[in-house]
2 protein chains.
Amino acid sequence: MARVQRDGGDDAAPTTELPAVRGQGPAAVNGPAGAQGNGRARAIPEAAVARLAVYLRVLSAMAEQGSVTVSSEELATAAGVNSAKLRKDLSYIGTYGTRGVGYEVDVLTSEIQRVLGLTRQQNTAVVGIGNLGHALANYGGFPGRGFPVTALFDVDPDLIGVPVGGLPVCHIDDIPEVCAARNIAIGVIATPPAAAQAVCNRLVEGGVHCVLNFAPVVLQVPDHVEVRKVDLAIELQILSFHVARNAEQRGRGRTAAARASSNGEVV
Amino acid sequence: MARVQRDGGDDAAPTTELPAVRGQGPAAVNGPAGAQGNGRARAIPEAAVARLAVYLRVLSAMAEQGSVTVSSEELATAAGVNSAKLRKDLSYIGTYGTRGVGYEVDVLTSEIQRVLGLTRQQNTAVVGIGNLGHALANYGGFPGRGFPVTALFDVDPDLIGVPVGGLPVCHIDDIPEVCAARNIAIGVIATPPAAAQAVCNRLVEGGVHCVLNFAPVVLQVPDHVEVRKVDLAIELQILSFHVARNAEQRGRGRTAAARASSNGEVV
DNA sequence: AGCCGCTTGTGAATGCGTGCACAAAATCCG
DNA sequence: CGGATTTTGTGCACGCATTCACAAGCGGCT
């Protein structure tokens, strides 16, 4: 049975960290079976990985402002998390802090980059050059660099060969060979839902192990392929649920909880 | 202290959805404090809400194919989850199945729509009409309808008044009044990161309680406002982590886990 | 009418993630 | 040089989420 993919939101939920939980098996992720095989790197929880990426962004903002060190408290509030959680997250990747002082911004940045595999460039392909695909292609190397877009694909004959963001569009039938030739590590699917599964199959054929899926379908992939899903409609529907819940709350009189909420307390 | 937002992806690891975990406080979500205040609706876990939206999509696909009933097993595999989990999720919203038979597609569809608040239309505003904003505006009423885009905003003077997807663009300074006048429920932020917080503040000022944020920043909002974040760079970095992990796995010889994985077993 | 097979709904158990609280450590100051 | 202060790193406990396993219930068949 093919592996199921994770949501782009979630998690963890209010942020989603929707929830980054493994469908079956353990959620720890640094070795498929728990990775107690070797001494170092004792499994980083998926949820922690997502947050590390957030910390990384906050850290680069701080570096631009000239900060040299940060305390866990500062970093945590800037990233919108609990300071204990932040320290625990950082402890998964090693001990790079100085007690009584804090963390060196550049050291921490490098270490997170290393763990996230950002030291190597990951060639990325975008499939489906519609509105969204256009937007993605024009990022031209995603934020923070490290994700150069090196291939574009579509079915539309009028688009084939036309340069978008400086890169000519190829036909989706050529996905396998082009991906293999250009060593594509990550495939981004921005096609209509009906085409997504076929495109995904071709990407896998071309040796792509990681897929970011914007199409509103559940992709079936082999076990070794990692899929993350970003689904606009689902995000909106989750928000809609909260609107409905709040409306219901107000509708039947203000409860203690509602009162606490409007007093600014965290509930 | 402002509430923290959830990830659109959340989190999650190899398989299922992102866990969408709440930044702080309980994960159950149907009443800020647990909602045992009233008899019905005894708190739907955040993670379950995200999955309900997925089920909804799968159900409409099945309805189009003419299915009248589905078993939990069918629906679960189509949605990429465990059937036990699916049944538990559905049990949160009531008991609409028939033992020995399954669920009626249209009944289940209606009930999920009801719980998610999709019976009422949620007016939506898009702020920042760049590449992404354009793509969003042209959806023109998001998938499944129920989310009509009824306002567009930008700073660019050349864009003000120009119709995009049939709707004229307003200036972001007018956000508060326009949102209030048009009864906007959901605000979508697709601006550059530097502008996001200011835009968010104006949306809140205009009475918006739910925000979908595409800008790569952590927004600070009052407690009563719900924020969900969709962050492309973070999704890519999470995938990058998995690439790095897998490369490392292969690099140091095939472990038992790696072997199991390539045999097609779920690990 | 009664039995059989199938599928739902849920109680219970397990596991993961979060948050608390404190010991360890390092700097600063007297 | 020793104590006070600050901040990290982590053991522990709690709670949600997931999964298992089974009783309850419904339809069909004889």
Side-chain angles (χ1 to χ4, degrees), chain A residues 4 10-30 34 42-51 69-76 80-104 107-108 266, chain B residues 4 6-7 10-30 33-34 42-51 69-76 81-104 107-108 266:
Chain A
V4 179
D10 220 346
D11 145 77
T15 287
T16 167
E17 75 322 35
L18 256 188
V21 177
R22 189 162 226 167
Q24 48 207 166
V29 113
N30 205 342
R42 50 184 190 290
I44 304 177
E46 184 78 9
V49 173
R51 285 189 297 266
T69 60
V70 271
S71 69
S72 62
E73 197 67 47
E74 289 175 87
L75 192 53
V81 300
N82 183 299
S83 72
K85 192 190 295 186
L86 178 134
R87 287 198 300 274
K88 183 147 291 195
D89 287 344
L90 293 182
S91 77
Y92 290 125
I93 67 173
T95 63
Y96 302 105
T98 306
R99 297 177 188 227
V101 179
Y103 301 89
E104 261 185 90
V107 171
L108 204 50
V266 175
Chain B
V4 178
R6 287 177 200 70
D7 238 336
D10 169 271
D11 67 314
T15 312
T16 316
E17 72 285 19
L18 141 141
V21 178
R22 191 159 225 167
Q24 52 208 157
V29 114
N30 206 342
R42 51 184 189 291
I44 304 177
E46 182 81 11
V49 173
R51 284 189 298 265
T69 61
V70 270
S71 68
S72 62
E73 197 67 48
E74 288 175 88
L75 191 53
V81 300
N82 183 299
S83 72
K85 191 190 295 188
L86 178 133
R87 287 198 300 274
K88 180 142 288 198
D89 287 344
L90 293 183
S91 77
Y92 290 125
I93 68 173
T95 64
Y96 303 105
T98 306
R99 297 176 189 231
V101 179
Y103 302 89
E104 259 185 272
V107 171
L108 204 50
V266 175

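All values below come from the heavy atoms of this structure, side chains included, with hydrogens, waters and symmetry mates left out. Small disclaimer: the values here were computed from a predicted structure and weren't measured. Below, read A as the first sequence line, B as the second, and so on, with proteins coming before strands; counting in each chain starts at 1.
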Distance-only donor-acceptor test (3.5 Å): side chain B/K88, base C/dG9: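 Looking at the base of C/dG9, it does not pair with any donor or acceptor on the side chain of B/K88 (distance under 3.5 Å).
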
Interatomic distance where [atom1] belongs to [X] and [atom2] belongs to [N] [whole Å]:
X	N	atom1	atom2	answer
B/Y96	D/dG25	OH	P	19 Å
A/D89	D/dT10	CG	P	13 Å
A/Y92	D/dT8	OH	P	17 Å
B/Y103	D/dG27	OH	C1'	17 Å
A/E73	D/dT6	CD	C1'	12 Å
A/N82	D/dG9	CG	P	15 Å
B/I44	D/dA17	CD1	P	12 Å
B/E104	D/dG27	CD	P	11 Å

Can you name the residues that form a side chain to side chain contact (heavy atoms under 4.5 Å, CB included) with A/S72, not counting sequence neighbours? A/S83, A/L86, A/R87, A/Y103

So, do A/L75 and A/L108 sit near enough that their side-chain heavy atoms are less than 4.5 Å apart? yes

d(A/T69 OG1, A/E74 CD) to nearest 0.5 Å is 7.0 Å

A/N82 side, atom CG; A/E73 side, atom CD - distance, nearest 0.5 Å: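 It comes to 8.0 Å.
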
What heavy-atom pair brings A/Y92 and A/A43 nearest, and what distance separates the two atoms?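 Shortest heavy-atom contact: CD2-O, 4.2 Å.
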
Give me each pair satisfying salt bridge (Lys or Arg N to Asp or Glu O under 4.0 Å) with a member in residues 94-104 of chain B, each pair once, sequence neighbours excluded.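 Matches after skipping sequence neighbours: none remain.
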
Any side-chain N or O of B/S91 less than 4.0 Å from the OP1 or OP2 oxygen of C/dG9?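 For C/dG9, OP1/OP2 do not have a side-chain N/O of B/S91 under 4.0 Å.
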
Are any protein N/O atoms closer than 3.5 Å to N/O atoms in nucleotides 23-27 of chain C? If there are, list each pair with its distance.
from: C/dA24; atom 1: N3; to: A/R99; atom 2: NH1; distance (Å): 2.6
from: C/dA26; atom 1: O4'; to: A/R99; atom 2: O; distance (Å): 3.3

Starting at the 5' end of DNA chain C and moving along, which residue's nearest nucleotide shows up first, B/R87 or A/R87? B/R87

